[in-house]
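Excluded from the calculations below are hydrogen atoms, water molecules and symmetry mates; all remaining heavy atoms, backbone and side chain alike, are included. Treat the numbers as computed from the prediction; the structure is a model and nothing was measured.
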Amino acid sequence: LIVGSVLIDLYVKCGRLEEAFTVFHGLTSHNVVTWSTLIAGYAQLEHPEAALHLFVQMQQRDLQPNGFTFVAVLKACATIGDLEGCRLVHSQVVENELETDTVVCSAIVDMYAKTGNLDDAHAMFDSMVGQDIVTWSALISGHAKHGQCQEALKLFWEMLQKGMMPDYIALSTVLQLCPSVAAFEQGIMTHMHVIECGFASDLFVGNALVGMYAQCGNLEDACTIFEHLHRRSVLTWCTIIFGCAQHNDFTRAVTYFEDMQQGGMKPNGMTFLALLSAFSYAGLVEEGVYYFKLMKEAHDVVVMPEHFNTMVDLFGRRGFLDVAEDLLETLYFQSD
RNA sequence: GCAAUGGUCAGUCUA
């Protein structure tokens with residue numbers, strides 16, 4: 001049984017649901033762990049209906065679901081997004097007397113928050129006793145995701161006031177939502193917490209800081225932060241190049257683009273999109289075309305529709321409406 | 001003492 005559940009988990013983690021299911025089927029007996037692992041796999045790998053189906057089957061065999069099972073099922077409900085289903089599973093959690101389990105309750109908060117049922121998320125949050133940083137983050141990012149950024153910020157300060165230490169996820173979530181409500185002051189205050197809590201060298205936090213300064217502060221600050229980061233991922237580079245584009249500084253965008261490759265980092269489709277948008281803002285047709293070709297020919301990047309959008313935008317901006325139209329027509333025929 | 005569980009990262013538009 002133990003070997004079986006480890007195997008199922010292993011296949012799930014490699015994204016091989018069929019193999020996982022085969023192993024599950026081949027087992028002579030099942031317990032709550034093997035069921036939960038399989039359900040979690042389907043929930044994680046975007047097959048929420050199948051996960052729910054398995055959950056029903058499990059109950060038909062008179063097996064008691066536990067906290068692990070419910071977390072997986074709650075995640076599936078969050079993906080499906082049907083409020084009735086969410087409430088039903090929630091009530092089953094209560095029936096199984098799991099409403100004191102912080103992990104399960106956080107998953108419930110997250111489920112309601114993700115599906116935009118913010119009132120239910122709040123109610124659940126308030127009814128719990130042991131809220132931890134994950135519970136808070138789930139509530140905060142749910143608000144941010146559904147356009148309630150002010151409320152999300154309020155929750156964040158409330159959390160700090162209650163003495164909860166933010167972690168790198170909470171900090172980067174909050175930093176990312178600052179620009180959307182032009183909350184530069186709050187962004188700077190959050191930056192201070194980042195330093196205080198020792199997360200300044202975290203990769204996710206670093207990306208969020210660069211993005212925050214680029215979008216609601218000025219490009220200089222963003223560049224300074226960027227230069228001081230210890231670690232940079234493709235996303236970090238992408239963020240700073242987009243920042244340059246937004247501030248209409250294509251020279252810098254190109255410089256970063258080249259620096260990135262000098263440092264052994266490979267640009268991906270998003271990086272090229274950032275670069276192309278810099279040319280689009282600046283109206284530089286030749287450069288745009290040059291890099292567009294470079295992307296296809298030298299970097300083997302799969303061209304995304306967004307690349308074409310940016311190119312159409314660029315041609316249109318400079319009055320090459322005929323070229324823009326040709327491009328659109330070509331795309332129209334290709335899409336058939 | 002030994003198996004499975006919760007919250008974040010990149011552009012544009014989102015009326």
Taking only residues at least two apart or on different chains, which pairs with a member in residues 290-299 of chain A satisfy salt bridge (Lys or Arg N to Asp or Glu O under 4.0 Å)? none

Take atom OH of A:Y256 and atom C1' of B:rA10, then tell me their distance rounded to the nearest Å. 16 Å

Counting only side-chain heavy atoms from C-beta out, which of B:rA10, B:rG7, B:rA3 sits nearest to A:L235? B:rA10

Does the base of B:rA3 carry an N or O that pairs as donor and acceptor with the side chain of A:S5 under 3.5 Å? yes

Look at all strands and tell whether A:S233 reaches a base, only sugar-phosphate, or nothing, counting heavy atoms closer than 4.0 Å. nothing

Hey, could you give me each pair passing salt bridge (Lys or Arg N to Asp or Glu O under 4.0 Å) that has a residue in residues 175-204 of chain A? Not counting sequence neighbours. none

By a strict heavy-atom criterion of less than 4.0 Å, which residues belonging to residues 102-114 of chain A are in contact with RNA chain B? A:T102, A:V103, A:S106, A:A107, A:D110, A:K114

Does any donor-acceptor pair link the side chain of A:N31 with the base of B:rA4 at a separation under 3.5 Å? no

Any pair counted as salt bridge (Lys or Arg N to Asp or Glu O under 4.0 Å), so long as it reaches residues 162-176 of chain A, sequence neighbours left out: A:E158-A:K162

With a 4.0 Å heavy-atom cut-off, tell me which residues in residues 160-187 of chain A come close to RNA chain B, sorted by residue number. A:D167, A:Y168, A:I169, A:A170, A:S172, A:T173, A:Q176

Looking at the side chain of A:V6, which of B:rG7, B:rG11, B:rA3 is the nearest nucleotide? B:rA3

Using a 4.0 Å cut-off on heavy atoms, which residues in residues 259-276 of chain A reach RNA chain B? List them by number, or say none. A:N268, A:M270, A:L273

Within this structure, what is the CG-to-C1' distance between A:L139 and B:rG6, rounded to whole angstrom? 14 Å

Is the A:F257-A:Y291 ring centre distance short of 6.0 angstrom? yes

Ring centres under 6.0 angstrom apart (A:W136, A:F156): no

Any idea which of B:rG11, B:rG6, B:rA4 is nearest the A:F242 side chain? B:rG11

When you look at A:Y42 and A:H53, which way does the side-chain hydrogen bond (donor to acceptor under 3.5 Å, both in side chains) test go after all the steps? CA-CA 10 Å; A:Y42 279 92; A:H53 185 67; over 6 Å; no

Using the test salt bridge (Lys or Arg N to Asp or Glu O under 4.0 Å), find all partners of A:E220 that sit at least two apart in sequence or belong to another chain. A:R252

Under 3.5 Å, N/O pairs linking protein and nucleotides 13-15 of chain B:
none

Taking atom C1' of B:rA4 as reference, at what distance in whole Å does atom CG of A:N66 sit? 8 Å

Which heavy atom in A:N66 sits nearest to a heavy atom in A:L98, and how many Å separate them? C-CD1, 3.8 Å

So, A:F55 versus A:F70, ring centres under 6.0 angstrom or not? yes

State which residues pass salt bridge (Lys or Arg N to Asp or Glu O under 4.0 Å) with A:E151; sequence neighbours excluded, sorted by chain then number. A:K154

Whole angstroms only, please: what is the CD-P distance between A:Q246 and B:rG11? 8 Å

Taking B:rG7, B:rA4, B:rA10 as options, the one with an atom nearest any side-chain atom of A:S36 is B:rA4

Classify the side chain of A:D132 and the base of B:rG7 as holding, or not holding, a donor-acceptor pair under 3.5 Å. no

Residue pairs fulfilling salt bridge (Lys or Arg N to Asp or Glu O under 4.0 Å) with at least one residue in residues 78-98 of chain A, sequence neighbours excluded: A:R87-A:D120

Are A:F242 and A:Y256 close enough that their ring centers fall under 6.0 Å? no

Results of salt bridge (Lys or Arg N to Asp or Glu O under 4.0 Å) for A:E19 - residues two or more places apart only: A:R16

Students often get this wrong, so: under 4.0 angstrom with heavy atoms, is A:N207 touching a base, only sugar-phosphate, or nothing? base

Which residues share a salt bridge (Lys or Arg N to Asp or Glu O under 4.0 Å) with A:K114, sequence neighbours left out: A:D110

Checking contacts here: which listed nucleotide (B:rG7, B:rA10, B:rA4) is nearest the side-chain heavy atoms of A:A40? B:rA4

What is the distance, rounded to the nearest whole Å, between atom NE2 of A:H30 and atom P of B:rA4? 17 Å

